[in-house]
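Remember, predicted model here, so these are calculated numbers, not experimental data.
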Amino acid sequence: ALTMLSTLGGCSEIGEHIDCDQMCEEFQTCIDGDIDTHRCADRCEDKADDSRTFRDKLDSCTDCLDKNYACGEIEDKCPICADVTEALL
């Protein structure tokens with residue numbers, strides 16, 4: 001059981017890392033082409049580690065972004081992303 005718990009924790013961290021990378025790449029594409037995606041992802045991961053609420057919003061946002069909306073559609077189609085964007089920028 002202990003092995004399962006430690007494995008699940010690792011999966012959660014991997015998921016956060018992927019979500020943060022995706023979110024920061026979206027920022028670079030849609031908001032600011034000069035954004036340092038590595039620094040953004042580090043900040044995102046720190047926030048995800050500190051806040052369950054942020055983690056949940058990030059997950060919901062990236063799930064919505066997976067639908068490949070155009071940059072101009074994201075605000076309307078994925079309103080949860082506004083909270084994540086505000087927390088990271």
- prompt: Are Asp21 and His17 close enough that a side-chain donor and a side-chain acceptor fall under 3.5 Å?
  reply: yes

Regarding [X] and [Y], I want to know if their SG-SG distance comes in below 2.5 Å, which is how I'm defining a disulfide.
X     : Y     : answer
Cys24 : Cys44 : no
Cys20 : Cys40 : no
Cys81 : Cys61 : yes

Those residues that, when tested against Asp36, pass salt bridge (Lys or Arg N to Asp or Glu O under 4.0 Å) (two or more places apart): Arg39

With a 4.5 Å limit on heavy-atom distance, are the side chains of [X] and [Y] in contact?
X     : Y     : result
Ile74 : Glu26 : yes
Phe54 : Leu58 : yes
Leu88 : Val84 : yes

- prompt: Would a distance-only check, ignoring hydrogens and angles, find a side-chain to backbone donor-acceptor pair under 3.5 Å from Ser60 to Asp56?
  reply: yes

- prompt: Does Thr62 use its side chain to pair, donor to acceptor, with the backbone of Asp59 at less than 3.5 Å?
  reply: yes

Going from [atom1] on [X] to [atom2] on [Y], what distance comes out if it is rounded to the nearest 0.5 angstrom?
X     : Y     : atom1 : atom2 : result
Thr37 : Met23 : OG1   : CE    : 13.0 Å
Asp19 : Leu65 : CG    : CG    : 9.5 Å
Arg55 : Asp50 : CZ    : CG    : 9.0 Å

- prompt: Quick one: side chain to side chain donor-acceptor pair (under 3.5 Å) pairs with a partner in residues 67-85, sequence neighbours left out?
  reply: Lys57-Asp83

